Amino acid sequence: MFIMDDGIRLNAQIELPEKHGAKMPMVIVMHGFTGHMDERHILAVAEALREVGCATLRVDMYGHGHSDGAFHDHNLYKWLNNAMAVIDYARSLDYVSDLYLCGHSQGGMTVMLAAAMEQDVIKGILPLSPAWMIPESARKGELLGIHFDPKHVPDELDAWKGLTLGGNYVRVAQTIHVENAIASYKGPVLIVHGDADEAVPVRYGIEAARLYDNASLVLIPGDTHCYDVHLDMVTDAVKDWMTKQLSRA
Ligand code: FER
């Protein structure tokens with residue numbers, strides 16, 4: 001299925017838990033930079049959420065997976081608008097009770113920003129290995145291991161997997177202050193981070209958990225950015241936290 005965002009088709013998949021009543025909570029699950037909604041860790045986290053009774057909505061963001069838009073042209077404002085469109089869609093479903101956001105890496109940062117804008121509709125968030133240092137790195141002139149003059153942004157950057165990223169990505173990222181979004185979101189937060197993450201240093205997960213009003217932090221020993229070692233510990237952490245949230249509702 002597609003969810004429309006201002007003419008852009010976002011490829012999405014809704015799945016319901018095996019056991020459910022007339023209404024159920026829903027978690028929107030977003031992938032990271034160069035990722036897509038069928039990545040192993042995205043599928044595993046969504047399945048874990050369904051095991052504890054949540055519907056899940058996995059979505060390919062602008063320029064990723066089977067959604068419209070070119071990777072080259074994606075940026076964090078586009079992803080934030082995508083998030084708002086998907087949230088509006090989820091809110092329109094009559095079987096959805098509470099709405100949660102989960103995102104990996106750049107999707108985790110998107111979730112942090114979207115939750116601050118949608119405080120009144122987002123019951124809780126699960127930023128996984130959130131790449132919330134991207135704006136600070138863009139301001140310093142170091143992204144994707146590439147150094148550049150932050151006041152003279154290059155037109156293009158070589159991204160991972162042979163992809164090219166437009167310089168406007170950097171210009172947008174430079175304007176974003178995730179600290180403000182963290183300070184304004186008062187709902188419950190679960191942060192999970194591998195302590196051997198090669199793409200987003202674990203200190204960012206630790207620092208975000210410290211800055212949030214109401215965060216739980218689960219560190220995965222020896223694990224990588226996409227949880228190659230202990231994905232089961234990630235899904236256990238997600239299930240434990242979500243079960244606690246639902247028992248409070
Ligand atoms: C970077 C480091 C990490 C970067 C992006 C990421 C654009 C995002 C990682 C992810 O979403 O998995 O320097 O630059």
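Note that ligands are numbered from 1 as they come in the structure, with each ligand's atoms numbered from 1 the same way. Quick note: numbers below take in every heavy atom, side chains included, and nothing from hydrogens, waters or symmetry partners. Just so it is clear, the structure is predicted and the values come from calculations on it, not from any experiment. Residues take their numbers from the sequence shown, with the count starting at 1.
Below 3.5 Å of separation, one finds no N or O of W160 facing any N or O of ligand 1. Geometrically, ligand 1 and S105 share a nitrogen or oxygen pair separated by less than 3.5 Å. Between H104 and ligand 1, no N or O atom pair is found at a separation short of 3.5 Å. Inclusion of F33 in the set of residues having an N or O under 3.5 Å from an N or O of ligand 1 is warranted. Considering backbone and side-chain atoms alike, G145 places every N or O at 3.5 Å or more from each N or O of ligand 1.
Remark: ligand 1 atoms within the under-4.0 Å shell around heavy atoms of Q106 are 10 (C), 11 (O). Heavy-atom proximity to G32, at under 4.0 Å, picks out these atoms of ligand 1: 11 (O). Distances below 4.0 Å separate heavy atoms of H225 from the following atoms of ligand 1: 9 (C), 10 (C), 12 (O). Near Y169, the atoms of ligand 1 lying under 4.0 angstrom from a non-hydrogen atom of the residue are 7 (C).
Proximity of M133 to ligand 1 is established by a heavy-atom distance of less than 4.0 Å. In this structure, E142 falls outside the shell of residues with a heavy atom less than 4.0 angstrom from ligand 1.
Under a hydrophobic clustering in which Ile, Leu, Val, Met, Phe, Trp and Tyr are joined whenever their side-chain heavy atoms come within less than 4.5 Å, directly or via other members, I28 and I3 fall into the same cluster. Linking Ile, Leu, Val, Met, Phe, Trp and Tyr residues whenever their side-chain heavy atoms come within less than 4.5 Å places L217 and V178 in a single cluster.
You'll find the side chain of V238 reaches within 4.5 Å of the side chain of L190, heavy atoms only. With a 4.5 Å cut-off on side-chain heavy atoms, V172 and W79 do not count as touching.
Of the protein's non-hydrogen atoms, the one nearest atom 1 (C) of ligand 1 is L144 N, 3.8 Å.
Looking at I134 against ligand 1, only its side chain comes within 4.0 Å, counting heavy atoms.
Paired with H64 under the rule ring pair (Phe, Tyr, Trp, His ring centres under 6.0 Å), one option of H74, H104, H72 passes, and it is H74.
Judged purely by distance below 3.5 Å, without hydrogens or angles, the side chains of S129 and Y227 pair a donor atom with an acceptor atom.
In summary, E207 and R210 engage in a salt bridge, as defined by a charged side-chain N under 4.0 Å from a carboxylate O.
Within a 6.0 Å radius of CG in D155, no more than 12 heavy atoms belonging to other residues, nucleotides or ligands are found.
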